[in-house]
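Heads up: the structure comes next, in structure tokens.
The residues of the chain are indexed from 1 along the displayed sequence. All ligand and atom numbering here is 1-based and tracks the order in the structure.
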Amino acid sequence: MKILVAVKRVIDYNVKIRVQPDHSDVDLTNVKMAMNPFCEIAVEEAVRLKERGVATEIVAVSIGPTTAQEQLRTALALGADRAIHIVSDKRIESLAVAKLLAKVVEDEQPGLVIVGKQAIDTDNNQTGQMLAALTGLPQGTSTSEVIIQDDKARVTREVDGGLQTIELVLPAIITTDLRLNEPRYAKLPDIMKAKKKPLDTTTPEEMGIDVTTKLKLIGVAPPAERAGGIKVSSVDELIDKLKNEAKVL
Ligand code: AMP
């Protein structure tokens, strides 16, 4: 079985986000970028399925600027066999990403597609669902366990109030939640080997997919600064402050 894994280049989750002075966007100047954490989990799951003999080939795909090849090379170092880079410098919204991935699914015919639950830069949580709608493939979102048996995937989903287990007929799409696995780190020899693994490049134009944005970014603002906390000397004082200062009671 072939597995297709989508990996997105995002701001490293340790970085404190800065906003551009004119509030037009997030400031990416000299900011450390990394693979989206949910995509790391997606790659790890694919690699584990290959190690268990369930998968035979892992194809990593990323849509983004030339620099997104760094994240594809990381996926190759972690165990992907080859990579597809759809090069674009534009801000590509989820629907366009899903359309591009749908075309890759059509060309590659994977048995399983694994994408992250959400990208931590835009927090959309919609690409996997849109891809399922466009391809007509069954989907299991926010998964914390995946078991492949014959032509089915039994997946456990993290839903409000508990866990839900569903069975999907392959080919299917799953989106990864945090508890699915703990991703490994790439080893130096594998990083070296990854440089020689195949990485094909294409563009949305070559693929015949219109990625014109349908959304307008109006502005970006940092969260309000939090005032420091204070200690109160009694419950009465606390209640008084909640009533008269915070006005929440
Ligand atoms: P989102 O719906 O934007 O929160 O993203 C969910 C998941 O879709 C990510 O974790 C990736 O697996 C995939 N994805 C979103 N954008 C891209 C991109 N530009 N390139 C590759 N995969 C992407």
TODO: Take every heavy atom of I92, measure it against each atom of ligand 1, and state whether any distance is under 4.0 Å.
DONE: no
Any N or O of [X] closer than 3.5 Å to N or O of ligand 1:
X    : result
Q126 : yes
L101 : no
V61  : no

Open item on the list: Taking side chain to side chain donor-acceptor pair (under 3.5 Å) as the criterion, tell me which of K117, Q129, R157 meets it with T141.
Closed with: R157
Short list, please: which atoms of ligand 1 are under 4.0 Å from a heavy atom of [X]?
X    : answer
S94  : 2 (O), 3 (O)
V115 : 12 (O)
N125 : 1 (P), 2 (O), 4 (O)
N124 : 1 (P), 2 (O), 3 (O), 4 (O)
C39  : 9 (C), 10 (O), 11 (C), 12 (O)
V7   : 20 (N), 21 (C), 22 (N)
A119 : 1 (P), 3 (O), 4 (O), 5 (O), 6 (C)

Task: Within 6.0 Å of CD in E206, more than 12 heavy atoms from elsewhere - done: yes
- [ ] Give a yes or no on whether E51 atom CD has more than 12 heavy-atom contacts from other residues, nucleotides or ligands under 6.0 Å away.
- [x] yes
TODO: Applying side-chain hydrogen bond (donor to acceptor under 3.5 Å, both in side chains), run through D236 and S234 and close with a yes or a no.
DONE: CA-CA 5 Å; D236 287 343; S234 67; 5.2 Å; no
- [ ] Would you indicate which of A6, A60, G64, S88 comes nearest to atom 13 (C) of ligand 1 when only heavy atoms are counted?
- [x] A6
TODO: Between I114, V97, I41, T127, flag the one that comes closest to atom 3 (O) of ligand 1 by a heavy atom.
DONE: T127
- [ ] Output the distance between atom OG1 (T212) and atom NZ (K90), rounded to the nearest 0.5 Å.
- [x] 6.0 Å
Of the protein's non-hydrogen atoms, which lies at the shortest distance from [atom], and what is that distance?
atom                    : result
atom 16 (N) of ligand 1 : K8 CD, 3.4 Å
atom 7 (C) of ligand 1  : G116 O, 3.3 Å
atom 20 (N) of ligand 1 : I63 N, 3.0 Å

Open item on the list: Against V97, only a single residue in I92, I86, V115 fulfils side-chain contact (heavy atoms from CB on, under 4.5 Å); can you say which?
Closed with: I92
Task: Distance-only donor-acceptor check, side chains Q126 and S94, under 3.5 Å - done: yes
Open item on the list: Side chains of D25 and Q20 only: does a donor on one sit below 3.5 Å from an acceptor on the other?
Closed with: no
Task: ILVMFWY network linking V26 to M33, side-chain heavy atoms under 4.5 angstrom - done: yes
- [ ] Give a yes or no on whether a salt bridge exists between K214 and E93, defined as a side-chain N under 4.0 angstrom from a carboxylate O.
- [x] no
